[in-house]
S.K.: 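Quick one: the structure is below, questions incoming.
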Amino acid sequence: MSNTDDGPRSYDMVAAQAKWQEFWERDKTFQADRAATKERRYVLDMFPYPSGDLHMGHAEAYAMGDVLARLWRMQGYEVLHPIGWDSFGLPAENAAIKMGEHPAKWTYGNIETQKTSFKRYGLSLDWSTELHTSDVGYYKWTQWLFTQFYKQGLAYRKNSFVNWCPKDQTVLANEQVVNGACERCHTPVTKRRLSQWYFKITEYAQALLDDMAGLEAGWPERVLAMQRNWIGRSEGAHVDFVIEGREEPVTVFTTRPDTLWGATFMVVAPDSELAGELCSEAAREAFEAYLERVKQSTEIERQSTEHEKTGVDLGISAINPVNGERIPVWAADYVLAEYGTGAIMAVPAHDQRDLDFARKYGIPVTVVIDTGEADPRESGIATVGDGNYINSGPLNGLSDKKSGVAKAIEVLRERRAGAGTVTYRLRDWLLSRQRFWGCPIPVIHCPSCGEVPVPDDQLPVELPDLRGADLAPKGVSPLAGEAAAEWRNVPCPQCCGPAERDTDTMDTFVDSSWYFYRYLSPNDDTRAFDPAEVSAWMPVDQYVGGVEHAILHLLYMRFFAHVLHDLGLIDFNEPMRRLLNQGQVINQGKAMSKSLGNGVDLGKQIDAYGVDAVRLTMVFASPPEDDIDWADVSPASSLKFLQRAYRLATEVLSAPGADPATGNIELRRATHRAIKAVTDLVAIGRFNVAVARVMELVNATRRTLDANPAAGADAAVREAVGFVAQALSLVSPYVAEEMWELLGYAPSIANSVWPVADEALLANDTVVMVVQVQGKVRAKLEVPEAITEPEATELALADPAVVRALDGRAVAKVIVRLPKMVSIVPA
RNA sequence: GCCCGAGUGGCGGAAUGGUAUACGCGGUCGGCUCAAACCCGGCUGGUGGUGACACCUUGGGGGUUCGAAUCCCCCCUCGGGCACCA
């Protein structure tokens, strides 16, 4: 403790950082006690990809998660706050190719660098459960989970057109195609027909949708909206059309079965198998040429809004099941092979796409709903609203879509030509990647037994050490190359005949779909995770990460949980109770990027202002979910504030056990108001406002000290400064530890007991009562908090400003809200 | 086109039916200093007025209410997601 003029008046952030890092490590301050009988809390940050070093984005995200982890620890919960590395992935492989090194070297080297930065950043992380998805001890269990999925029929291989990135020379999941381009390298994606592994996420489409109801309280609405959108539930009907000269009918999906009487042609996706099957001999040549053209075009071209619809007549006819009309069948690129049944009935009068196509190719247009708008045949604009049904047999006489659809489905059922149904936009998760640095798919292809999953006792399938081999993308996995021949050629686990390993690796989103279970027993080599530990700690109480994962990781990990639940491995469906999507750190209105040269170096910020100030700046700048523009904030002023707070601790003269009960009552009230506000605000994630309340308490304490030379000895000052230190420890742990030590308490402040506000001190002797006349504030009166309604009314009506505002008018009504407001309504 | 979210001082933001602009940044005036930096203190939404004070102000317009940034309707703008999904 020091209060002499020559004592330290400011904290040395560099020394404090070194000192407390060492202390926390030695003390194992943040290591969770697995045997604890206390109530548990699990705080989880999305684990980082070891891309080089900690950057501004990480810094913000991890600062947010740490606030809650530290609050809950001080509130007496046993908190688990683990960390690990999402360490498989393309950047490592690309770096390895560039530098001629093994991806592991780059990856684990980065982890060392990043780990040092994490430790300096002062997060309350439990390093004892650190894991790496690229460790054999981890990916063995990724493989085991794959085989479990396989046995349930939830992992399967199929041959179809897939998204292909020509630059990375690998396939991509739908979720990884952004605006028709590779989400990673932005190269336009093309289509390739390949045999690939999929997870059957579509089987869980409805379950994933249904369970969102339970997430509404804890997840941001926008993430749920994005997931709903992505799953894309669509209600409609299947309709069977008989094809002339073919036994099997063709089924189409439509959301508008009520317009069936207006169908004037049918369209199938050119790249579907169906198109090739249906095509007449006469049209064959034209169709093949057309298909070739479609395959050549990139997704960007295809999806362009200016893209004009094209197609070819397949030279055959379909029969409309409700009116027996013969309609032509076309192949056109505006119909997608993967959605619905890959075939549609086209109703040009009431669907704009069909109308555009019909007008271009001279196909007739039949209006079956009179909406009172212009005739689509003349206007070129399809009418899609409610109206009177015409030329629609049993629907004639109806006048709204809802009953039209219901009636149409009834007709279809009677004729056994269709039924109501639901379709989803969601596709199965394509998980094969033609790359080296990932988890090998544990399947062996045997010429006689076919696909054989690697038996449990032969797991893991370890990656071969291809050091020195050429990993450059060639369109097939490096594991399919000559260098891996020895690894690849193995006996079939079933018949022992010669067989080959699958040479693809898994999408890294598979690795990250289950890491939070593994944290609970990271070294268990007998199973993927311990169900008892999972049951004790999960679901996760707070998950923190970027919104960019809204429909990738966050959907995949939910799917995994549903499957794990169905496999009986976990006892819940939804692993994350609450989700916080922190915003991004931007600079001068734009995302930081090399090309713009507006990047802000985290290390330099920390060197200049210290960890405490940088973290405080992040937390105070804006609500956690909003972006922070580094050009708008001031880490220098954060540091200034922290020094102001620190200085208070140097001025405390009372002893550590001093009873604040007889201390300065005004300051005590300010302290307890702050305790209440900060506790509540942090719990609901309003961290920026909580910091503002701490600043107010610092200001109030400063004023108390400045007003009275003896105030340093007042225990109320100690109480205030103690809470300032505790509250600051959520964000700026180094200065908080320094203050705590100055106050004479034993370290660490992280083990201190978070105070509970004293209700008696939340009340005031007097409050400001506002008097409104006709809704306008006319007077502010200092009144006792215990004022009664008649007293308040009398005081209000007697106020000169109120009298002036009433201007002689009688009072019609007085509304009193004790003790803060009186509203007077003149006659 | 469809689905979300948001518009508050010069700036980041606070207030979610009851004192609009908390807290901070910036600005400005003053103190300390030979001086400057640091630090400390005052003032700081707009218009009018010497002043007490008055009027206006939460993207725009309307409504509900004693009272609206907050709730309802219409419109505008920005951000995000999806998008030839039948």
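Letters A, B, ... mirror the listed sequences (proteins, then strands); counts begin at 1.
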S.K.: Check whether more than 12 heavy atoms from other residues, nucleotides or ligands sit under 6.0 Å from atom NZ of A/Lys820, and answer yes or no.
M.R.: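 It does not: A/Lys820 NZ has 12 such atoms or fewer within range.
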
S.K.: If I pick the C1' atom on B/G62 and the same atom on B/U47, what distance separates them, to the nearest angstrom?
M.R.: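 Here B/U47 and B/G62 have their C1' atoms 26 Å from each other.
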
S.K.: Taking only the P atom of each, what is the distance from B/C40 to B/C53 in whole angstrom?
M.R.: 33 Å

S.K.: With both distances under 3.5 Å as the test, what is the Watson-Crick or G-U wobble partner of B/G24?
M.R.: B/C11

S.K.: State plainly whether the residues A/Asp765 and A/Arg669 are in salt-bridge range, i.e. N to O under 4.0 Å.
M.R.: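 Yes, charged N to carboxylate O under 4.0 Å.
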
S.K.: When you match A/Ile815 and A/Asp626 each to their closest nucleotide on RNA chain B, which lands nearer the 5' end?
M.R.: A/Asp626

S.K.: Identify whether any heavy atom of A/Asp354 sits under 4.0 Å from a base atom; if not, whether one sits that close to sugar-phosphate; answer base, sugar-phosphate or nothing.
M.R.: nothing

S.K.: Give me the distance, rounded to whole Å, that separates B/U77 from B/U28 when you measure between the C1' atoms they each carry.
M.R.: 34 Å

S.K.: When only distance counts, do a donor and an acceptor, one from the side chain of A/Gln774 and one from the base of B/G67, lie under 3.5 Å apart?
M.R.: no

S.K.: Could you grab the distance from atom CG of A/Leu209 to atom CD of A/Gln227, nearest 0.5 Å is fine?
M.R.: 9.5 Å

S.K.: Under the rule syn = chi within 90° of 0, otherwise anti, which is B/G5?
M.R.: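 Here the answer is anti: the torsion falls beyond 90° from 0.
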
S.K.: Examine the base of B/A22 for any acceptor or donor lying under 3.5 Å from a partner atom in the side chain of A/Arg693, and report the outcome as yes or no.
M.R.: yes

S.K.: Applying a 3.5 Å limit to both distances, which nucleotide forms a Watson-Crick or G-U wobble pair with B/C2?
M.R.: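 Check on B/C2: paired to B/G81, both distances under 3.5 Å.
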
S.K.: Under 4.0 Å, counting only non-hydrogen atoms across every strand here, what does A/Glu696 touch: a base, just sugar-phosphate, or nothing?
M.R.: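 The residue A/Glu696 makes sugar-phosphate contact but no base contact.
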
S.K.: Does A/Asn229 reach a base, just sugar-phosphate, or nothing at all? Heavy atoms under 4.0 Å.
M.R.: base

S.K.: Would you mind telling me which residue lines up with the more 5' stretch of RNA chain B, A/Thr254 or A/Val777, judged by nearest nucleotide?
M.R.: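 The residue closer to the strand's 5' end, by nearest nucleotide, is A/Val777.
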
S.K.: Return the nearest nucleotide to the side chain of A/Asn688; candidates are B/G18, B/A83, B/A14.
M.R.: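 Of the options given, the side chain of A/Asn688 lies nearest B/A14.
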
S.K.: If I pick the C1' atom on B/C75 and the same atom on B/A83, what distance separates them, to the nearest angstrom?
M.R.: 25 Å

S.K.: Nearest to the side chain of A/Met226 - B/U19, B/G18, B/G81?
M.R.: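 Shortest atom-to-atom distance from the side chain points to B/G81.
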
S.K.: Give me the distances for all protein-to-nucleotides 39-45 of chain B N/O pairs that come in under 3.5 Å?
M.R.:
none

S.K.: Provide, to the nearest angstrom, the distance between the CZ atom belonging to A/Arg222 and the P atom belonging to B/C82.
M.R.: 13 Å

S.K.: Under 6.0 Å from the CD atom of A/Gln206, do we count more than 12 heavy atoms belonging to anything else shown?
M.R.: yes

S.K.: Answer yes or no: side-chain N or O of A/Ser823 and base N or O of B/C66 forming a donor-acceptor pair under 3.5 Å.
M.R.: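 Pair found.
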
S.K.: Ignoring hydrogens and angles, are the base of B/C84 and the side chain of A/Lys309 linked by a donor-acceptor pair under 3.5 Å?
M.R.: yes

S.K.: I'd like to know if the side chain of A/Thr766 pairs up with that of A/Glu782 as donor and acceptor (distance under 3.5 Å, no hydrogens or angles considered).
M.R.: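 Short answer, yes.
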
S.K.: Base, sugar-phosphate, or nothing: which does A/Asn699 touch, judged by heavy atoms less than 4.0 Å apart?
M.R.: sugar-phosphate

S.K.: Between B/G81, B/C25, B/U19, which one does the side chain of A/Ser637 approach most closely?
M.R.: B/C25

S.K.: Checking all strands, does A/Arg817 fall into the base, sugar-phosphate, or nothing category for heavy-atom contacts under 4.0 angstrom?
M.R.: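 If one applies the 4.0 Å heavy-atom cut-off, A/Arg817 turns out to touch a base.
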
S.K.: Distance between the C1' atoms of B/C55 and B/G5, in whole angstroms?
M.R.: 35 Å

S.K.: Scan A/Ile551 against the nucleic acid and name what it touches under 4.0 Å (heavy atoms): base, sugar-phosphate only, or nothing.
M.R.: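 Sugar-phosphate contact only - A/Ile551 comes under 4.0 Å of backbone atoms but never of a base.
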
S.K.: Across the strands shown, which category fits A/Phe620 at heavy-atom distances under 4.0 angstrom: base, sugar-phosphate, nothing?
M.R.: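 Base, at least one base heavy atom under 4.0 Å.
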
S.K.: Quick one: which of A/Thr366, A/Thr383, A/Thr371 gives a side-chain hydrogen bond (donor to acceptor under 3.5 Å, both in side chains) with A/His350?
M.R.: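 So, applying the side-chain hydrogen bond (donor to acceptor under 3.5 Å, both in side chains) to A/His350 and each of A/Thr366, A/Thr383, A/Thr371, only A/Thr383 qualifies.
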
S.K.: Need one value for A/Val689: base, sugar-phosphate or nothing, where a base atom within 4.0 Å counts as base even if backbone is also close, heavy atoms only.
M.R.: sugar-phosphate

S.K.: Given the P atoms of B/G48 and B/A69, what is the spacing between them in whole Å?
M.R.: 25 Å

S.K.: Could you measure between the two C1' atoms, the one in B/U8 and the one in B/G46, and give it in whole Å?
M.R.: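 Taking atom C1' in both B/U8 and B/G46, they lie 14 Å apart.
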
